[in-house]
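Structure first, commentary second.
Nothing fancy with the numbering, it's 1 onward along the sequence.
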Amino acid sequence: MLYIALPDDKVRRLSFYLAMEEYVAKHVKADDCFFMWQVEPSVIFGRNQLIENEVNLDFCRKHHIQTYRRKSGGGCVYADMNNVMFSYITTEDQVGFTFNRYINMVVLTLQRLGVDASPSGRNDVMIGNKKVSGNAFYKIPGHSIVHGTMLYDTDLLNMVGAITPPDTKLISKGVQSVHQRVDFLKNHLKISLSEFKDFVHQQLCESDLTLGEDDIRQIEEIEQEYLSDEFIYGKNPRYTLIKKRRIEGVGEFEARIEVKNNIIKSVNLMGDFFLVGDLDQGLLNKLKDVPLDASVLSHILPDRIDDIIMNLMKTDFVDLLTT
């Protein structure tokens, strides 16, 4: 695997590193690429999440925590300089294979350090029954991108204050509750965060490529999309119905449906689910101008909705919209 390095140690905005993933996928000729990055206190939320549902914007403004949207699905994450973020870019396009391969690489690396790590759930790496890493996935033409957190340490007060999770995920929003759900590598390692990063680099990568100033300029051009208000805050189409549900093994869903005379005019689907296909063309556009009726929706929707949203069955999606 090829390690992608920057020519300096400058700490950049989180949006730069998201744009760097895209740039590497489009311009670096290698089957597998990897890099690590750290940011000043930031919140990053999933492609289909509503910022007002997931982020305490007042707290973030008060504590100088930046907010960004990514192009992958999944939930909301807090990051700072005490933890490290991983980015993996591959030409492999099979979702399950890519995700499992990456997660297993991370688990094996931790195990080589003596950490009793294991994969769990849709996207997590665990130490015992506590989460130490969460990851998300998305595809661009010809490449798959997986990125995620590695909790060496973090500011729990900022984490709890900045993120506003659904009650079903976190009953108490206090620090003690978070302590019961997450763990930190510093509790299991005798090496520093810098030494940990060096170890990961050596274990996963056989060679390095350092980007130049022209590469950085092009990354900064890609970054502008991530900094636009339209991308960060999203569009808010009209709606007459809101349907909310958590589907086990898939994620949280909030469907906002515009209906007139029981005919669907539009559907906006939000949540922390993982997209593996084209949501608009493959699913939502098929719902326009059809009755909001379970039997009709079952007939017009594709049988393999899990080709678009990971693990989602058609029956569960129809139930979400109609019950």
Do [X] and [Y] have side-chain N/O donor and acceptor atoms under 3.5 Å apart?
X: R112; Y: Q203; answer: yes
X: D183; Y: H188; answer: yes
X: S72; Y: H147; answer: yes
X: N53; Y: E254; answer: yes
X: D215; Y: Y23; answer: yes
X: D93; Y: T91; answer: no
X: D80; Y: T154; answer: yes
X: Y102; Y: N104; answer: no
X: Y88; Y: D32; answer: yes
X: R13; Y: S42; answer: no
X: Y226; Y: E22; answer: yes

In terms of side-chain geometry, is the basic nitrogen of [X] or [Y] positioned less than 4.0 Å from the acidic oxygen of its partner?
X: K71; Y: E21; answer: no
X: D8; Y: K10; answer: no
X: E195; Y: K197; answer: no
X: E223; Y: R217; answer: no

query = Does some side-chain heavy atom of I219 sit less than 4.5 Å from a side-chain heavy atom of V24?
reply =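 A side-chain contact under 4.5 Å is absent here.
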
message = Do V250 and F317 have side chains that approach each other closer than 4.5 Å (heavy atoms only, starting at C-beta)?
response = no

Would you confirm whether the ring centroid of [Y] sits within less than 6.0 angstrom of the ring centroid of [X]?
X: Y152; Y: F184; value: no
X: F274; Y: F137; value: no
X: Y3; Y: F35; value: no

To the nearest 0.5 Å, how far apart are [atom1] in [X] and [atom2] in [Y]?
X: E225; Y: I232; atom1: CD; atom2: CD1; value: 10.5 Å
X: M310; Y: I305; atom1: CE; atom2: CD1; value: 15.5 Å
X: C33; Y: I145; atom1: SG; atom2: CD1; value: 10.5 Å

For the residue pair [X] and [Y], what are the closest heavy atoms and their distance?
X: R69; Y: R47; answer: NH1-O, 3.0 Å
X: P302; Y: K314; answer: O-CD, 3.3 Å
X: D306; Y: N311; answer: CB-N, 3.9 Å
X: C76; Y: V55; answer: SG-CG2, 4.0 Å

task = Give a yes or no answer on whether the side chain of D272 reaches the backbone of E252 with a donor-acceptor pair at less than 3.5 Å.
result =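 Answer holds: yes.
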
ask   = Distance-only, no hydrogens or angles: does the R256 side chain make a donor-acceptor pair with backbone N or O of L269 under 3.5 Å?
value =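 Not a single qualifying donor-acceptor pair exists.
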
query = So among D293, V296, L292, which one has a side chain to side chain contact (heavy atoms under 4.5 Å, CB included) with T322?
reply = L292

Chi angles and distances behind the side-chain hydrogen bond (donor to acceptor under 3.5 Å, both in side chains) call for N268, Y239 = CA-CA 8 Å; N268 192 23; Y239 60 91; over 6 Å; no

